[in-house]
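Contents: one structure, followed by commentary.
All heavy atoms count here, side chains included; hydrogens, waters and symmetry mates do not.
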Amino acid sequence: MTEFCRLEIDKRGVATLTLARPEVHNAFDDRLIKALNGHLTHLHALASQGEVRVMVLASEGKSFSAGADLKWMQRMVEYSREDNLADSRELARLMQLLDELPCPSVCRVQGATFGGAVGLAACCDIVLAAERARFSLSEVRIGLAPAVISPYVQRAIGMRQMRRYALTAEVIDAHTAHQLGLVHDVCSDELLEARVADMVSTLLATSPEASRATKALLAEVAVADDDTRRQTRCCEVISQLRVSEQGQAGLAAFFAGTRPPWAPSDDDSASS
């Protein structure tokens, strides 16, 4: 059976989820979405237990993802409204699973990132792109809309910029994507792998428990509409972390000038 995507987890707890359809530029279809949802559901369980500490979203070939698969789109012409609604819900589930992944996520973008793939990038915590990366909310060119991904992309680049790029379908180069806030760092094509590895090492130096708590808190704070409740929740989180096992160990290591228990050793970093 064709392998649409691949999940690998190393001994450090770093998961790499790779889109593996380079022959069609890693384009989306219902089979890839189903496979990604299965892997991400599994990663949610592992990350919640601390068994996975960082997830890297990557892809094979020249493109990160060209968006919707042409053959899938041809099949959609025959779909009923109910069929299309079911498809859209699976894509929405994919975006939500990626966005709410308990551990930090890093998106490695090496090339073209069109349509729904822009949503994948926007749902990751950190996006690192090669200089040749290109982005486009291309849906309106074929009579569609970036509907399912719109909340995540708009959150990343803001409403004003979203209106422009969702309505024009302009191609956005890597440096412009960086200025917009969709991409965090841009580097040469040759240095992308090393930049991703450096970011993973940086994330592994952080407390897994604190990372999970921080990510969940930031999601809550972003939508909270009650200042008192938001302040109460923030105080609860920091108070709980201070008395937690990892919080106590981290403070002790800091004052002693030693490595905290979750930080990988030099040997681990060298052998990864």
Side-chain angles (χ1 to χ4, degrees), residues 17 19 28 33 36-37 40-41 43-44 47 54-59 64-65 67-68 88-109 112-129 133-140 144-186 196 199 203 206 210-227 229-231 233-234 237:
L17 182 55
L19 310 185
F28 283 84
I33 291 170
L36 288 170
N37 280 343
L40 285 168
T41 298
L43 285 173
H44 265 254
V54 179
M55 191 277 289
V56 177
L57 182 63
S59 60
F64 178 70
S65 173
S88 298
R89 284 172 174 162
E90 283 302 296
L91 181 60
R93 179 168 172 256
L94 167 58
M95 298 299 161
Q96 184 175 12
L97 283 169
L98 183 56
D99 185 61
E100 296 179 357
L101 191 68
C103 67
S105 56
V106 179
C107 187
R108 179 181 70 84
V109 181
T113 305
F114 286 4
V118 181
L120 291 181
C123 288
C124 288
D125 299 314
I126 300 165
V127 181
L128 306 176
R134 296 292 182 269
F135 303 82
S136 177
L137 295 165
S138 53
E139 288 86 350
V140 293
L144 303 178
V148 171
I149 66 172
S150 60
Y152 307 102
V153 181
Q154 183 162 290
R155 181 185 62 190
I157 69 175
M159 182 184 296
R160 191 65 174 161
Q161 298 294 355
M162 183 68 176
R163 285 189 176 189
R164 170 180 174 173
Y165 291 105
L167 293 171
T168 64
E170 293 171 88
V171 174
I172 306 166
D173 64 46
H175 291 287
T176 302
H178 180 235
Q179 293 171 358
L180 292 171
L182 180 61
V183 168
H184 292 90
D185 284 338
V186 178
V196 171
M199 182 58 69
L203 292 168
T206 66
S211 292
R212 290 194 299 273
T214 298
K215 187 166 180 177
L217 178 64
L218 293 177
E220 291 182 50
V221 167
V223 298
D225 56 3
D226 184 302
D227 288 342
R229 186 179 304 171
R230 178 170 54 227
Q231 188 177 66
R233 182 63 181 139
C234 292
V237 169

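Under the 4.5 Å side-chain criterion, counting only non-hydrogen atoms from C-beta, L40 is in contact with L17. Within the 4.5 Å cutoff, no side-chain heavy atoms of V109 are placed close to those of L128. Proximity of E170 to L137: side-chain heavy atoms (C-beta onward) are nowhere separated by under 4.5 Å. The shortest side-chain heavy-atom distance between L97 and R93 falls under the 4.5 Å cut-off. Side-chain contact between R164 and R160 is absent, with no heavy atoms from C-beta onward closer than 4.5 Å.
Between V221 and C234 the shortest heavy-atom distance is CG2-SG, 4.0 Å. S105 and L101 make their closest contact through CB-CD2, 4.4 Å (heavy atoms, listed as atom of the first residue, atom of the second, distance). A pairwise comparison of heavy atoms in V140 and L167 identifies CG2-O, 3.7 Å as the closest pair. The minimum heavy-atom distance linking V237 with A213 is given by the pair CG1-CB, 4.3 Å.
Checked against V106 for a side chain to side chain contact (heavy atoms under 4.5 Å, CB included), the options L57, D125, L203 give a single hit: L203.
Here R134 does not pair with D173 in a salt bridge; the nearest charged N to carboxylate O distance is not below 4.0 Å. Between E100 and K215 there is no salt bridge, since none of the side-chain N atoms of the basic residue sits less than 4.0 Å from a carboxylate O of the acidic one. A salt bridge links D99 and R155; the closest N-O separation between the charged side-chain nitrogens and carboxylate oxygens is under 4.0 Å.
Under a 3.5 Å cut-off, the side chain of H178 and the backbone N or O of V186 do not form any donor-acceptor pair. Side chain of T176 to backbone of I172: no donor-acceptor contact under 3.5 angstrom is found. One N or O on the side chain of N37 and one on the backbone of L94 form a donor-acceptor pair closer than 3.5 Å. Side-chain atoms of S59 never come within 3.5 Å of backbone atoms of L19 as a donor-acceptor pair (strictly under, hydrogens ignored). Side-chain atoms of S136 come within 3.5 Å of backbone N or O of A169 as a donor-acceptor pair.
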In sequence, state the C-alpha distance, the side-chain angles, and the governing distance for R108 and V127, and then conclude on side-chain contact (heavy atoms from CB on, under 4.5 Å). CA-CA 6 Å; R108 179 181 70 84; V127 181; over 6 Å; no

Verdict with supporting geometry, S65 and F28, side-chain contact (heavy atoms from CB on, under 4.5 Å): CA-CA 8 Å; S65 173; F28 283 84; 3.6 Å; yes

Legend entry - CA sep, side-chain torsions, deciding dist, call: V183, F135, side-chain contact (heavy atoms from CB on, under 4.5 Å): CA-CA 10 Å; V183 168; F135 303 82; 3.5 Å; yes

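In this structure, Y152 OH and I157 CD1 are separated by 15.5 Å, a value rounded to the nearest 0.5 Å. Distance CD/Q161 to CD/Q179: 9.5 Å, rounded to 0.5 Å. Atom CD of Q96 and atom CG of L91 lie 12.0 Å apart (nearest 0.5 Å). The CD atom of E139 sits 9.5 Å away from the OG atom of S150 when rounded to the nearest 0.5 Å. If you take CG on L98 and SG on C107, they are separated by 8.0 Å, rounding to the nearest 0.5 Å.
Heavy-atom neighbours of E220 CD from other residues, nucleotides or ligands within 6.0 Å: above the threshold of 12.
The side-chain hydrogen bond (donor to acceptor under 3.5 Å, both in side chains) test applied to R89 returns no partner, not counting sequence neighbours.
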